[in-house]
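This report refers to the structure that appears directly beneath it.
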Amino acid sequence: MGPDNRAPWWQDCVFYQVYPRSFADSSGDGVGDLDGVTAHLDYLRELGVDALWLNPVMVSPMADHGYDVADPRAIDPLFGDLAGLDRLVAASHERGIRLTMDLVPNHTSSAHPWFVEALGSAPGSRERERYIFRDGRGPDGAQAPNNWISVFGGPAWTRVPDGQWYLHLFDVQQPDLNWDNPEVMADFETTLRFWLDRGVDGFRIDVSHGMAKPPGLPDMPVTDIKLLTHQDDDPRFNRPGVHAIHRAIRRVVDDYPGAVSVGEVWVHDNAQFAAYIRPDELHLAFNFRLLQAEFDAGEIRDAIENSLAAVASVAGTPTWALENHDVQRSVTRYGDGAAGLARARAMALVLLALPGTVFVYNGQELGLPEVELPDAALQDPVWERSGHTERGRDGCRVPLPWSGDTPPFGFSDDPDTWLPMPSDWAPLAVEHQASDPDSTLSLYRRALEIRRERAGFGERLEWLPAPEGAVVFRRGTLICVVNTGSQPVALPEGARLLSSGPLTGAELAPNTAAWLSG
Ligand code: NOJ
């Protein structure tokens, strides 16, 4: 047999992001779990996705819903156990679906045994060296070591009883690890191998542009910035030392042929972004430009061009997403109501026509909108840390409706779901949409089917002349057109394959996209 010249699977695939708390509850406690995912794998196979990304399911006090990990090599009982994970891996593989997990190398939970030991040990001890402890400023060290703020709001430093301070770029319960300490990478390697040895197909790596901290921890030039955001020159992130960490991670992952690493890289500059996916670093990095673009022809085209350019210099794979568990649902972002839904459906056809790897967030295929939750229901630490000025990310994390006419819509046997489900979601439930050929679910299923069958979607994306307000591009024989304007536009020549709304005559209505074969 000759060498295997096929492109790696992760260069052209559709990932489905499962937010395990909200996908399906098998245990009846109102919170989704691993067996709930396993029970719905046929739904995912029918949807036509190639791989899953599970948000963190490791042992955690859940201060940030699993991104505060207390034991990175065990499953939190809320989600099940290791046997449940093994069942999910096996059942996914039986259906030809790959399974990736989410790892959190930048920080641990404050309940992690290392941090508990650090708190019980003296300043300067080996135990404290695993985290970033510093003396404070000012005569009695009562001021934080620098002016850094937490991404979730408030200071990034908390003082401990002996007077030292520890760094947490996120919640107080998420102390940052000290990646200058070789023990940290050694432990992370153990974690990588632990899951890869169990058969998982790779990882999404949280805050992949974090981890390395600048020598001397200099002040931030500006602290008056929007929560959950930062610029490329922010000293808290994107430091040059991070690349050696990714090379060390890649050396481990390369021991497992076919395994993939996907980095969460909030870096805007194309050259700096590309550095993260050099051949010996991450396989893929999320590009968030399309997700940040308005429903506007110019912005959509710019986002696509820039995302392609971002990976071109390193011959990397472009990645695309419209939603995830940290951002507002696209239906709402694009204007809510009927127009928001129509635009989100149109953008689904843009997304699934693009070359490279696509991420679909659970519920996106149902056209779920963002939910306006009552204050008392909010759980995201951002709500408390912002002093109740930012509502946080719970509105995109509401459990999925599966069936029936009243909450919890088949998600759970317990009506008291971890976030309340809107009472008017019956028409959005999977059961209702599955039998309706015009539903958003049917649109996703059909688009994914065409994408799969026409693996011959050409490699290269080529822009075609577009009427005002529209974007038109070709990939091989597929032509995708989206109308973001307020007037109908002429449809390009070609046989009609699929449209996100009704096609009348030779025109494409506003807020609509179509796929043609030409
Ligand atoms: C990014 C994750 O996507 C987000 O949900 C989390 O709060 C932060 N990283 C901190 O781990």
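Counting convention: from 1, in listed order, for ligands and their atoms alike. For the numbers below, each heavy atom of this structure counts, side chains included, while hydrogens, waters and symmetry mates do not.
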Given the side-chain rings of Phe170 and Tyr67, with only the six-membered ring counted for Trp, is the space between their centroids under 6.0 Å?
no
Give me the pairs of N or O atoms, one from ligand 1 and one from the protein, that sit under 3.5 Å apart.
residue: ligand 1; atom: 3 (O); partner: Arg204; partner atom: NH2; Å: 3.0
residue: ligand 1; atom: 3 (O); partner: His325; partner atom: NE2; Å: 2.8
residue: ligand 1; atom: 3 (O); partner: Asp326; partner atom: OD2; Å: 2.5
residue: ligand 1; atom: 5 (O); partner: His325; partner atom: NE2; Å: 3.0
residue: ligand 1; atom: 5 (O); partner: Asp326; partner atom: OD1; Å: 2.7
residue: ligand 1; atom: 5 (O); partner: Arg393; partner atom: NH1; Å: 3.3
residue: ligand 1; atom: 7 (O); partner: Asp64; partner atom: OD1; Å: 3.4
residue: ligand 1; atom: 7 (O); partner: Asp64; partner atom: OD2; Å: 2.6
residue: ligand 1; atom: 7 (O); partner: Arg393; partner atom: NH1; Å: 3.0
residue: ligand 1; atom: 9 (N); partner: Asp206; partner atom: OD1; Å: 2.8
residue: ligand 1; atom: 9 (N); partner: Asp206; partner atom: OD2; Å: 3.3
residue: ligand 1; atom: 11 (O); partner: His107; partner atom: NE2; Å: 3.0
residue: ligand 1; atom: 11 (O); partner: Asp206; partner atom: OD2; Å: 2.7

Lys NZ or Arg CZ of Arg385 over Phe152 ring: under 6.0 Å, within 45°
no
Looking at residues at least two apart in the chain, or sitting in another chain, which of them share a side chain to side chain donor-acceptor pair (under 3.5 Å) with Ser412?
Asp25
Both conditions, 6.0 Å and 45 degrees, for the charged tip of Arg21 above the ring of Trp418: are they met here?
yes
Between the side chains of Arg130 and Glu117, is the shortest nitrogen-to-carboxylate-oxygen separation below 4.0 Å, so that they form an ion pair?
yes
Is the NZ or CZ atom of Arg391 positioned over Trp383's six-membered ring, under 6.0 angstrom from the centre and within 45° of the axis?
yes
